[in-house]
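One structure below.
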Amino acid sequence: MRIAVTGATGPFGGHVIETLIARGIAPADIVAIVRNEQKAAGLAAQGVTVAVAPYEDEAALTAALTGVDRLVFVSASEVGKRAAQHENIINAAKAAGVDFIAYTSLLGAPTSTLALAEEHRVTEQLLAESGIDHALLRNGWYWENYSSAIDTARATGKVFGAADDAKVAAAARKDYSEAAAIVATTDGHAGKVYELAGVPALTYPELADAVGEVIGSEVTYVNQSVAEYQSVLESAGLPADVAGFVAGMDEAIAEGALESDSTDLQQLLGRDTTPAAVALAV
């Protein structure tokens, strides 16, 4: 069985490959699809097949996927460009004869109010129309998304946000990437939709407690308006458009966009998900 992984030099794709190898897939049977061959030198040194194929280059993607049985389709990182990039990957997979795709989507994608959701909805529809067997891995938030709060907490003793008392059912990045590798290496997943969420879900005050555990001192959560939170982020050095995007995420989170009682992730992993304090301490 030959398995390809997109975004293979990123932290998610890289850990998928680590897990594939740990699960007994020979490195030579793994295709790492990358933009930058130099960044993939470590993978090549392990014997992994490296294919340079930017998401914009459908022909290169088709060549990279030729002979591949299963694809771990890690969603692209360029928000606003992903629908077109993802269409290229799906078209290439179809042309190359890929049998199965595991796609990393977003928790509750069909109804999510998160700004990231629309491109995932488009991609899910493209997959449905492709005729390729696939599974949707609707990933929740990574605890690592809050890693920047650690330095702020060290400096101020506070974690800032605009999510009120909503809960975030997050997990560590490695939990989601391990689940993707499991789906790619086992049978029976075609047509499945997995809502992947961590347990326990935490409120932002509880997240502040986890940050305090990491830094070894008490941390409190300061709830703000979206505008106030955006101002804090800009003061921390984020460009205004990025700060607005991040603060806007908390508005959707406050409405419950990242709450879930699904145990799909734990069932796939066969274990509990990684606690916030453990994920943030890495």
Side-chain angles (χ1 to χ4, degrees), residues 1-8 10 12-20 22-25 29-33 55 61 64-65 68-76 82-83 85-112 116-142 169 171-199 260-271 273:
M1 180 168 57
R2 194 163 175 83
I3 301 175
V5 181
T6 65
F12 190 101
H15 193 263
V16 170
I17 290 175
E18 286 180 22
T19 308
L20 291 174
R23 291 180 63 80
I25 303 299
D29 289 330
I30 300 171
V31 179
I33 298 178
Y55 289 153
L61 289 164
L65 291 170
V68 165
D69 301 299
R70 299 182 181 185
L71 170 63
V72 179
F73 178 4
V74 181
S75 57
R82 297 194 290 182
Q85 292 173 336
H86 290 180
E87 185 172 13
N88 288 340
I89 294 169
I90 293 167
N91 288 343
K94 188 171 183 177
V98 172
D99 294 325
F100 174 79
I101 296 174
Y103 171 63
T104 63
S105 188
L106 178 69
L107 185 68
T111 58
S112 177
L116 299 170
E118 180 58 26
E119 289 175 309
H120 288 293
R121 285 192 283 267
V122 169
T123 305
E124 289 191 5
Q125 183 60 35
L126 290 169
L127 283 167
E129 295 169 355
S130 72
I132 304 172
D133 283 343
H134 60 277
L136 301 178
L137 310 179
R138 289 180 176 160
N139 291 346
W141 236 223
Y142 305 156
R173 182 185 285 109
K174 69 177 184 180
D175 294 330
Y176 297 113
S177 57
E178 183 178 331
I182 289 169
V183 169
T185 52
T186 54
D187 297 327
H189 302 287
K192 295 291 183 68
V193 177
Y194 295 108
E195 299 289 349
L196 302 181
V199 176
S260 176
D261 59 3
S262 171
T263 58
D264 287 351
L265 183 54
Q266 292 75 22
Q267 290 174 20
L268 282 172
L269 295 174
R271 62 171 175 82
T273 50

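Throughout, numbering of the chain's residues begins at 1 and tracks the sequence.
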Heavy atoms, side chains only, cut-off 4.5 Å: are F73 and I90 in contact? yes
Can R121 and E124 be counted as an ion pair, charged N to O under 4.0 angstrom? no
Is there a side-chain contact between L71 and L65 in this structure, where contact means two heavy atoms from C-beta onward sitting under 4.5 Å apart? yes
E178: which of R271, R173, R23 passes salt bridge (charged side-chain N to carboxylate O under 4.0 Å, His left out): R271
Beyond-backbone contact of M1 with I3, side-chain heavy atoms, under 4.5 angstrom: yes
If you take all heavy atoms of T273 and G198, which pair is closest and at what distance? OG1-CA, 3.6 Å
If you compare all heavy atoms of A83 against all heavy atoms of L126, which two are closest, and at what distance to 0.1 Å? O-CD1, 4.3 Å
I'd like to know if the side chain of H120 reaches the main chain of E118, judged simply by a donor and an acceptor atom lying under 3.5 Å from each other, with no hydrogens or angles considered. no
Straight-line distance of I101 CD1 to T6 OG1, nearest 0.5 Å: 9.5 Å
d(L136 CG, T104 OG1) to nearest 0.5 Å is 10.0 Å
side-chain hydrogen bond (donor to acceptor under 3.5 Å, both in side chains) between H15 and Y176, intermediate numbers included: CA-CA 10 Å; H15 193 263; Y176 297 113; over 6 Å; no
Between V5 and L20, is the side-chain contact (heavy atoms from CB on, under 4.5 Å) condition met? List the steps. CA-CA 10 Å; V5 181; L20 291 174; 3.9 Å; yes
Specify whether H86 and Y55 have parallel, tilted or perpendicular ring planes, treating 30° as the upper limit for parallel and 60° as the lower limit for perpendicular. perpendicular
Whether N91 side chain and N88 backbone form a donor-acceptor pair below 3.5 Å: no
Of L196, V193, L265, the one forming a side chain to side chain contact (heavy atoms under 4.5 Å, CB included) with L137 is L196
To the nearest 0.5 Å, how far apart are CD in E87 and OG in S130? 11.0 Å
D187/R70 ion pair, N-O < 4.0 Å: yes
Do V183 and L268 come within less than 4.5 Å of each other through their side chains, counting heavy atoms only? yes
To the nearest 0.5 angstrom, please state how far the CD1 atom of I182 sits from the CG atom of L269. 5.0 Å
Might you point out which heavy atoms bring S262 and D264 nearest each other, and give the distance in Å? OG-N, 3.1 Å
Look only at the side chain of N139 and the backbone of L106, and say whether a donor-acceptor pair between them is shorter than 3.5 Å. no
Under the criterion side-chain contact (heavy atoms from CB on, under 4.5 Å), I'd like the reasoning laid out for T123 against Y103: C-alpha separation, chi angles, the key distance, then a yes or no. CA-CA 9 Å; T123 305; Y103 171 63; 3.5 Å; yes
Is there a side-chain contact between S105 and E119, using heavy atoms and a 4.5 Å cut-off? no
Is there a donor-acceptor contact under 3.5 Å from the side chain of S177 to the main chain of K174? yes
Polar side-chain atom of T185 near backbone of A181 as donor-acceptor pair, under 3.5 Å: yes
Taking the side chain as everything from C-beta on, heavy atoms only, tell me whether L61 gets closer than 4.5 Å to I33. yes
With no hydrogens and no angle check, is any side-chain donor or acceptor of Q266 less than 3.5 Å from a backbone partner on A197? yes
